[in-house]
Structure formats: C-alpha cells, structure tokens
Amino acid sequence: MNTLMMASELSGRVVVTLAGEAVGKVKDTVFDAPAGRITGFTLSGLGLLAGPLKQGLPFSGVHAVGPSAVMIRGEAVLVDRHAVVEPAEAARGEVLKSPVLTEEGAEVGTVLDVVVESGASGRVVGFEIAAHGDDDHRRRKVFIPRGQILAVSGQALVVPAQARHFTADDLPSFAAQVEAFYRQSGQLSPGGLLPGEGGHA
C-alpha cells in the first residue's frame, strides 16, 4: 500500500508539471463516495491573493500525488472546472460531517476527514471520524477503514460491521489496520491485491 495521507492536507498543495512548471494549487478535493476514490481537484492561483481558477484537474490527469506536490504530465490535462465538480455533485452529497453507520445500522461516528493513498490511485481507504464513546457520549478521533465497497444511504456512509474492530488512533498505525482488515475479511486491498500477493506499492 502507498503512504496514507489526509485529504485535508491536499488543500494548498502545488500542482506541478513533469517539466517543473507550477500551474496552480489544490483548492478542493472532489470525491465519488460510492466508488471510494478522488475524482479530481478544483484549483486556485499561485499568488497570495490569487482566486479560484476556471480550470480543474480530473484525477485521470494526475501523474502522482506526492508529499509535497500533485504531479501532472502537462497543462493539457486541465479541463473546465465544471467538468470536475458537476458530475460529483450529481453523484453524491457531502462526505465531511456525514454520519458513519455500520451495515447493521449502528452509528459509529461522524466523518472529520478522508484518508487517501498517495501515488496515482486516488483511493479512499478510510475516514477519520469523531467516534461515539462507550460511556457518557464522549467522542474521540479515530481512523476506520471503509471496506471494499462504500455504500451511501441518504446522507450517511455505510461501512462493514467488522470495520469497527480495525480502528486506529493515529495515521501511521492505521495502514497496518487497513491491511489487517482486508486480510480478515478476505477482500481485495485498496491496491487491488489480496494482502501478501505480488506487486509493489
């Protein structure tokens, strides 16, 4: 599995061509929640007072999402901003602040952020949530895997019931929990392989 990162960390990340030209910054990350992946980015200009750009970046045009920049082959991959935003708005509601339910109907918490893989996959592997406490309704931040298929029911996100047993308190330990979750459930990992099968991240 590639390195995990928070979707909120992508905001403000510079978009750079493979030739080294900075063409803008990530403004918003657009998700297709049912498919469990990033579909694109809206962009803003590079200057301190620069506003939103009329162009957007579909994820199909991304070469890689790295720790410091989003890499693209060239400016030719940029499209009209509405081509990035409008299909996503038609497909799903807001992800952030949505309640997270298990398939058995138990409310687990509320989405605070989305955990994505670095690299070129754009896969959503889980969520940072404000979890319901076992006592006096206190909430704490935890990470929970999303499962192979993310169902969307109204404004709620539905995760497999067993995902509750693979939470983590921090992002570094969450990667191991995601792999353990897929191993236990016998599903394909977000990378498309059963854990332990060939290939490298």
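These numbers come from the heavy atoms of this one structure, side chains and all, not from hydrogens, waters or symmetry mates.
Panel note: side chain Ser98, backbone Leu157; no donor-acceptor pair is recorded below 3.5 Å. A donor-acceptor pair is defined here as one N or O able to donate and one able to accept, closer than 3.5 Å; no such pair exists between the side chain of Asp113 and the backbone of Met6. A distance-only check finds a donor-acceptor pair linking the side chain of Thr42 to the backbone of Asp28 [under 3.5 Å]. With Thr17 contributing its side chain and Ile72 its backbone, the two residues share no donor-acceptor pair below 3.5 Å.
When the side chains of ILVMFWY residues are joined at heavy-atom separations under 4.5 Å, either directly or via intervening members, Leu4 and Leu112 end up in two distinct hydrophobic clusters. Linking Ile, Leu, Val, Met, Phe, Trp and Tyr residues whenever their side-chain heavy atoms come within less than 4.5 Å places Val77 and Phe59 in a single cluster. Hydrophobic clustering (ILVMFWY, side-chain heavy atoms < 4.5 Å, transitive): Leu10 and Val16 are in distinct clusters. A continuous path of hydrophobic side-chain contacts links Leu46 to Leu18 [ILVMFWY only; heavy atoms under 4.5 Å].
The aromatic rings of Phe166 and Phe181 sit perpendicular to each other, their planes meeting at more than 60°, with 30° as the lower class boundary.
For the residue pair Thr102 and Ala161, the shortest heavy atom distance occurs at CB-CA, 4.0 Å. Closest non-hydrogen pair, Ser173 versus Ala168, comes out as OG-CB, 3.6 Å. When every heavy atom of Thr110 is checked against every heavy atom of Lys97, the shortest pair comes out as CG2-O, 3.3 Å. Nearest heavy atom pair, residue Asp169 against residue Arg140, reads OD1-NH1, 2.5 Å. When all heavy atoms are compared, the tightest approach of Gln177 to His165 is NE2-O, 4.1 Å. When all heavy atoms are compared, the tightest approach of Ala22 to Val14 is CB-CG2, 3.8 Å.
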Under the criterion side-chain contact (heavy atoms from CB on, under 4.5 Å), I'd like the reasoning laid out for Val84 against Phe41: C-alpha separation, chi angles, the key distance, then a yes or no.
CA-CA 7 Å; Val84 173; Phe41 302 101; 6.0 Å; no

Worked verdict on Phe143 versus Val178 for side-chain contact (heavy atoms from CB on, under 4.5 Å):
CA-CA 10 Å; Phe143 296 92; Val178 170; over 6 Å; no

I'd like to know whether Glu103 forms a side-chain contact (heavy atoms from CB on, under 4.5 Å) with Gln162, so could you lay out the CA-CA distance, the side-chain angles of the two residues, the decisive distance to 0.1 Å, and finally the verdict.
CA-CA 9 Å; Glu103 59 198 356; Gln162 68 266 30; 4.1 Å; yes

What verdict does the side-chain contact (heavy atoms from CB on, under 4.5 Å) test give for Glu107 and Leu101, after you've listed the backbone C-alpha separation in whole Å, the side-chain angles of each residue and the deciding distance to 0.1 Å?
CA-CA 4 Å; Glu107 186 170 352; Leu101 306 175; 3.7 Å; yes

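Taken from CG in Asp80 to CG in Leu53, the straight-line distance is 11.5 Å, to the nearest 0.5 Å. Rounding to the nearest 0.5 angstrom, the gap separating the CD atom in Glu128 from the CG atom in Asp170 is 10.5 Å. Atoms CZ and CG, on Arg37 and Asp32 in that order, are 8.5 Å from each other to the nearest 0.5 Å. The distance from the CG atom of Leu57 to the NZ atom of Lys27 is 15.0 Å, given to the nearest 0.5 Å. Taking OG1 of Thr3 as the reference point, atom CD of Glu117 lies at 9.0 Å (rounded to 0.5 Å).
Put simply, the side chain of Val62 does not reach to within 4.5 Å of the side chain of Ile38, judged on heavy atoms. Contact annotation: the side chain of Val115 never approaches that of Met5 to less than 4.5 Å [non-hydrogen atoms, C-beta and beyond].
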